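Before any comments, here is the structure.
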Amino acid sequence: MKKLKLGYAPTRRFTFSAEDAFKYKVEIRKQIESFGMDIDIVDLEGINEEGLLYDDHMNADLIAKRFKEEEVDAVFFPHCNFGTEDTVARVAKQLGKPTLLWGPRDEAPLADGMRLRDTQCGIFATGKVLRRFNVPFTYVTNSWVTDPVFERGFTNFVAAANVVRQFKSLRILQIGPRPASFWTMMCNEGELLERFGIEIHPITLVDIQLRTKKIASGNSAELLDTIDYIKERLDYSEVTEDDVKRIAALKVAMKSFARETGSSAIAIQCWSSLQDAMSIMPCLANAILTDEQIPVTCETDIHGAITSIMVQAAAMNEHPTFFADITVRHPENDNGELLFHCGNFPVSLSVEQKPKLRKHFLFDDHAPGTHEGEIKGGGMTIARFDGDHGEYSMFLGRARGIEGPYSRGSYVWVEVNDWPLWEEKLVKGPYVHHSVGIHANVIPAIYEACNYIPGLTPDPVDPTEQEIQRWLRGSDLVRKQRSDILV
């Protein structure tokens with residue numbers, strides 16, 4: 001995955017201190033580089049002598065041209081003093097990318113009463129003009145360069161922009177149709193393309209069968225590496241050497257189709273025709289690919305694959321997702337629930353040093369290929385992109401791992417804030433029993449990303465929308481002081 005490119009366009013206005021604006025241009029750049037995000041920054045150096053966006057209207061076209069040529073994914077307009085709102089709006093409109101608006105707090109007026117920057121006032125102006133230009137934008141509270149709220153807002157914006165860029169270039173490899181009895185996995189392929197630009201590339205089970213067989217008959221480096229990975233990382237004593245080879249070959253075949261088609265995720269008909277054709281389950285192959293940042297969803301769940309990419313992108317592709325059924329309530333904890341699937345959770349998440357590669361426990365043929373065991377707990381996000389009747393939303397909620405009874409398959413027990421509320425929201429929809437989990441808090445980033453995806457509504461259950469907005473504003477960081485109330 002290539003790095004996200006951020007256009008850095010600090011702005012000033014001629015009536016305020018050019019020297020202070022230049023100073024803040026440098027300070028802000030150093031500060032965002034200190035956050036440690038793996039991004040490329042494209043600046044304005046060479047556009048003019050200052051490397052700043054200011055009143056010369058010719059700058060708008062030159063700046064937009066540079067950012068387009070560099071293929072930036074988002075743009076940041078820090079107001080180093082009042083700023084030039086019309087030029088900012090022209091650039092943002094031409095780019096059509098996620099846009100961040102912020103400026104450092106103003107110092108006290110000088111001894112003679114003069115003010116150097118009036119940054120906050122300029123932000124008000126730019127916000128209004130961006131609205132006139134119909135440019136959606138993100139705003140971070142006016143704060144000092146070193147304030148935690150700036151770091152929080154900036155890093156969350158970059159994560160949201162990463163969601164947007166991957167969502168808007170999303171192609172999903174569909175291997176086989178949905179299982180006939182799974183009506184919940186219906187999706188509107190034409191509407192996904194028309195509404196969001198999401199492409200589906202279908203292939204048949206025969207395609208994957210033939211390529212897997214061809215790969216298994218050879219000794220490619222990728223096949224041998226995958227076999228070694230399985231043998232090193234899993235207890236495969238319950239299956240044969242030939243089983244391991246065919247599972248590894250399926251993983252290599254799936255990845256090769258994803259590469260050839262430019263697909264970011266895969267949705268596979270994991271049962272039962274595949275077992276009839278190949279005598280294996282794809283669960284472990286799914287798990288390995290998901291660990292390699294090519295998430296694979298079961299039962300041809302296209303909406304689940306979309307969710308996986310969004311969640312993975314919101315974590316800046318630093319954590320693997322896991323694709324789970326929401327199955328049964330905890331026998332003792334009324335806010336507890338079992339997240340489970342047959343054996344597809346990433347191996348890296350397992351609590352056991354060597355989890356088991358086993359035969360499937362539900363189907364009569366007991367085909368091998370399931371990666372079973374409990375995965376680690378801790379804090380996590382649970383999400384689901386879904387829709388019907390032309391309306392789409394994104395379910396978002398927090399969970400934490402808890403102790404629970406042993407279960408076959410890959411699983412984790414979690415506790416949430418109010419399970420009856422979750423259950424009602426999931427049942428009433430537009431959601432289903434499938435979800436995507438990740439061991440990271442990506443809710444604010446996905447919430448912000450929805451601002452740039454027309455037709456997609458965030459639907460958080462915990463935290464609430466108001467709590468997310470309060471967190472983004474940094475209200476929890478503001479020192480509470482007693483004050484008199486004037487009536």
Side-chain angles (χ1 to χ4, degrees), residues 159-160 162-174 178 182 184-189 191-192 195-200 258 263-268 270 286-287 289-291 293-317 319-327 339-341 344-346 349 380-388 391-399 412 414 422 425-426 429-450 452-453 455-462:
N162 198 41
V163 174
V164 174
R165 72 154 176 156
Q166 294 192 42
F167 182 90
K168 290 190 174 181
S169 61
L170 182 53
R171 180 178 293 135
I172 297 167
L173 176 66
Q174 177 181 327
R178 65 172 174 83
F182 269 49
T184 48
M185 294 303 103
M186 287 180 179
C187 78
N188 190 326
E189 179 181 347
E191 190 170 75
L192 288 174
R195 179 75 61 85
F196 303 115
I198 295 172
E199 300 177 14
I200 313 297
S263 299
S264 308
I266 301 171
I268 185 170
C270 48
N286 298 353
L289 283 167
T290 301
D291 246 335
Q293 299 285 302
I294 305 175
V296 184
T297 56
C298 311
E299 291 136 2
T300 325
D301 185 353
I302 299 295
H303 288 176
I306 295 169
T307 312
S308 298
I309 288 296
M310 296 181 71
V311 168
Q312 182 176 272
M316 296 301 291
N317 297 84
H319 302 277
T321 60
F322 62 94
F323 179 74
D325 276 355
I326 303 173
T327 50
L339 302 180
F340 151 93
H341 231 284
N344 63 320
F345 290 6
L349 299 179
M380 58 189 83
T381 296
I382 309 301
R384 175 73 188 182
F385 168 97
D386 223 322
D388 51 41
E391 297 181 357
Y392 291 84
S393 56
M394 189 77 181
F395 176 91
L396 298 164
R398 294 182 294 196
V412 62
V414 298
W422 283 53
K425 187 176 283 287
L426 291 167
Y431 312 108
V432 297
H433 60 290
H434 285 172
S435 66
V436 174
I438 194 168
H439 291 79
N441 178 18
V442 299
I443 293 173
I446 294 176
Y447 175 86
E448 189 63 35
C450 291
Y452 300 100
I453 304 174
L456 179 59
T457 304
D459 187 17
V461 62
D462 176 41

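Positions are given from 1 along the sequence. No experiment lies behind these values; they were computed from the predicted model shown.
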Atom pair CG/CD1 of Leu192 and Ile302 - distance to nearest 0.5 Å
8.0 Å
Of the non-hydrogen atoms in Pro458 and Cys450, which two are nearest, and what is the gap between them?
CD-CB, 3.7 Å
Mutual orientation of the aromatic rings belonging to His303 and Tyr392 [parallel < 30°, tilted 30-60°, perpendicular > 60°]
perpendicular
Give a yes or no on this: more than 12 heavy atoms of other residues, nucleotides or ligands lie within 6.0 Å of atom CD of Glu391.
no
Do the side chains of Asp325 and His434 get nearer than 4.5 Å, heavy atoms only?
yes
Minimum heavy-atom distance between Val412 and Met380, given as atom pair plus value:
CG2-CE, 4.4 Å
Atom pair CG/OG of Leu170 and Ser308 - distance to nearest 0.5 Å:
10.0 Å
What's the separation between atom CD1 in Ile382 and atom CZ in Arg398, rounded to the nearest 0.5 Å?
12.5 Å
Close side-chain approach of Asn317 and Asn162, heavy atoms under 4.5 Å:
yes
Where the side chain of Thr307 meets the backbone of Phe385, is there a donor-acceptor pair that is under 3.5 Å apart?
yes
What's the shortest heavy-atom distance between Gly304 and Val436, and which atoms?
O-CG2, 3.7 Å
Would you say Tyr447 and Met394 make side-chain contact, with heavy atoms under 4.5 Å?
no
Return the minimal non-hydrogen interatomic distance between Gln312 and His319, and the atom names on each side.
CG-O, 4.3 Å
Pairwise side-chain contact, Leu339 with Ile326, heavy-atom cut-off 4.5 Å (strictly under)
yes
Considering non-hydrogen atoms only, spot the tightest contact between Phe196 and Gly455 and give its length.
CZ-O, 3.8 Å
Quick check: does any side chain N or O of Thr300 sit under 3.5 Å from a backbone N or O of Ala267, one acting as donor and the other as acceptor?
no
Please report the interatomic distance CG(Asp388) to CE(Met186), rounded to the nearest 0.5 Å.
11.5 Å
The reported gap from CD1 in Ile453 to NZ in Lys168 (rounded to nearest 0.5 angstrom) is 7.0 Å
Quick check: do Phe323 and Pro295 have side-chain heavy atoms less than 4.5 Å from each other?
no
Does the pair Thr381 and Val311 meet the rule for a side-chain contact (heavy atoms from CB on, under 4.5 Å), with working shown?
CA-CA 9 Å; Thr381 296; Val311 168; 5.7 Å; no
If you define the side chain from C-beta out and look only at heavy atoms, does anything of Met185 sit under 4.5 Å from Val432?
yes
Using a strict 4.0 Å threshold on nitrogen-to-oxygen distance, state whether Asp462 and Lys425 make a salt bridge.
no
Cys298 vs His341, test: side-chain contact (heavy atoms from CB on, under 4.5 Å). Steps then yes/no.
CA-CA 9 Å; Cys298 311; His341 231 284; 3.8 Å; yes
Run the ring pair (Phe, Tyr, Trp, His ring centres under 6.0 Å) test against Tyr431 and tell me which residues pass, sequence neighbours left out.
Phe395
If I compare all heavy atoms of Ile438 with all of Ala315, which pair ends up nearest, and what's the gap?
CD1-CB, 3.7 Å
How long is the span from the OG1 atom in Thr321 to the CZ atom in Phe345, to the nearest 0.5 Å?
10.0 Å
Can you find a heavy atom in the side chain of Thr290 that is under 4.5 Å from one in the side chain of Asn344?
no
Who passes salt bridge (Lys or Arg N to Asp or Glu O under 4.0 Å) against Arg171, sequence neighbours left out?
Glu199
In the structure I gave you, are the side-chain heavy atoms of Ile306 and Ile172 within less than 4.5 Å of one another anywhere?
yes
